[in-house]
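Note sheet for the following structure.
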Amino acid sequence: MRNSSEILVLRLKPKASRLWLPTIALLLVSFSLSFVADQFSPADYEIALMAGGLVAILFWAFPMLNYLGSYLELTDQRIVYRSGFLGFRKKQLPLAELSSLEIQKPGVLGGQEISILSVDGSELVIRGYAKTKYLAAEIEALAKATI
């Protein structure tokens, strides 16, 4: 929750391209269940339907809840990074405690990530967002303004 004196600069959601594989998994489950609907007896199809529902929950619903619960909020005083299933992991870093900021490319398919070090030595790694160079420049400009 923001203080009343804080001004929200930007609020970002992760890239929606993370949802391609879960959506493909949901489509595969749906098409396979519709394909076997006439080939199984009603009792066997009920078991297949329960298994398909379990696969859909594991491979589509959980990643979707993970995506919906994640965001990055940049105010004029701090960075709030919320991630994980339903956003249970929440990290906050006041901009006045920012020590260094670095953009890294960890792997071939990983995309860019922003590594932020604070004065006390803790690290905040932000990954999965579009326009990381613009985001890093915005964070750096706000950090300089607060000092």
Side-chain angles (χ1 to χ4, degrees), residues 1-4 6-95 97-118 120-143:
M1 189 93 191
R2 290 190 314 263
N3 296 335
S4 61
E6 281 185 289
I7 299 171
L8 180 66
V9 176
L10 64 98
R11 182 181 171 121
L12 295 175
K13 296 289 290 175
K15 289 191 269 186
S17 62
R18 310 169 37 172
L19 298 175
W20 276 105
L21 287 176
T23 304
I24 289 172
L26 180 67
L27 290 174
L28 286 174
V29 167
S30 301
F31 288 135
S32 63
L33 285 175
S34 65
F35 178 72
V36 299
D38 295 335
Q39 298 176 357
F40 287 161
S41 68
D44 292 338
Y45 183 69
E46 191 174 313
I47 293 171
L49 194 62
M50 284 190 256
L54 181 65
V55 168
I57 287 173
L58 289 176
F59 290 105
W60 182 77
F62 287 157
M64 184 64 73
L65 290 174
N66 186 13
Y67 173 78
L68 292 174
S70 301
Y71 66 84
L72 175 78
E73 192 175 80
L74 180 63
T75 66
D76 60 343
Q77 295 178 4
R78 64 189 170 131
I79 301 169
V80 178
Y81 180 58
R82 186 174 165 185
S83 64
F85 181 68
L86 295 175
F88 285 138
R89 284 176 280 177
K90 185 175 181 179
K91 297 178 183 176
Q92 297 182 16
L93 178 67
L95 290 175
E97 295 180 7
L98 188 116
S99 172
S100 70
L101 187 133
E102 182 178 323
I103 298 175
Q104 302 171 344
K105 184 159 174 105
V108 178
L109 296 175
Q112 291 182 336
E113 63 183 30
I114 301 172
S115 177
I116 303 171
L117 288 174
S118 67
D120 62 356
S122 63
E123 182 180 21
L124 175 64
V125 178
I126 300 170
R127 62 176 62 96
Y129 289 88
K131 300 180 181 179
T132 54
K133 290 181 182 178
Y134 170 73
L135 180 61
E138 194 71 32
I139 292 170
E140 201 165 13
L142 282 172

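The first residue in the sequence is number 1, and the count goes up from there. All values reported here derive from a predicted model rather than from experimental measurement.
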Scan residues 17-42 for pairs that pass side-chain hydrogen bond (donor to acceptor under 3.5 Å, both in side chains), counting only residues two or more places apart or in two chains.
Ser41-Asp44
What residues form a side-chain hydrogen bond (donor to acceptor under 3.5 Å, both in side chains) with Ser70, not counting sequence neighbours?
none
Determine which pairs satisfy ring pair (Phe, Tyr, Trp, His ring centres under 6.0 Å) with at least one residue from residues 59-88, sequence neighbours left out, and list them in order.
Phe62-Phe85
Take atom NZ of Lys131 as the centre, draw a 6.0 Å sphere, and report whether it contains more than 12 heavy atoms from other residues, nucleotides or ligands.
no
Minimum heavy-atom separation for Leu93 and Ser118, please, with both atom names.
CD1-CB, 3.4 Å
With a 4.5 Å limit on heavy-atom distance, are the side chains of Met50 and Leu54 in contact?
no
Value for OG (Ser83) from CG (Leu72), rounded to nearest 0.5 Å, stands at 10.5 Å
Atom pair CD1 (Ile139) and CD1 (Ile126), whose distance is rounded to the nearest 0.5 Å
4.5 Å
Could you pull out all residues at least two apart from Glu140 that satisfy side-chain hydrogen bond (donor to acceptor under 3.5 Å, both in side chains)?
none
Using a 4.5 Å cut-off on heavy atoms from C-beta on, say whether the side chain of Lys133 contacts that of Gln112.
yes
Which atoms form the tightest heavy-atom contact between Leu33 and Gly52, and what is the distance?
CD1-CA, 4.1 Å
Minimum heavy-atom distance Glu6-Asp76, with the two atoms named:
CA-OD1, 3.6 Å
Residues two or more places apart in sequence or in another chain: which of them pass side-chain contact (heavy atoms from CB on, under 4.5 Å) with Glu138?
Val9, Leu10, Leu74, Tyr134
Please report the closest heavy-atom contact between Ala136 and Ile114, naming both atoms and the distance.
N-CD1, 3.9 Å
Kindly write out the residues that satisfy side-chain contact (heavy atoms from CB on, under 4.5 Å) with Glu102, not counting sequence neighbours, or none if the list is empty.
Gln104
Going from CD1 on Ile116 to CG on Leu98, what distance comes out if it is rounded to the nearest 0.5 angstrom?
6.0 Å
Atom NZ in Lys15, atom OG1 in Thr132: separation rounded to 0.5 Å?
7.5 Å
Could you tell me the separation between the CD1 atom of Ile79 and the CG atom of Leu124, rounded to the nearest 0.5 Å?
6.5 Å
Please tell me if the side chains of Gln77 and Leu95 come closer than 4.5 Å, counting only heavy atoms from C-beta onward.
no
With sequence neighbours left out, write down each residue that passes side-chain contact (heavy atoms from CB on, under 4.5 Å) with Ser100, or none if nothing qualifies.
Leu117
So how far is it from Leu12 CG to Glu73 CD, rounded to the nearest 0.5 Å?
10.0 Å
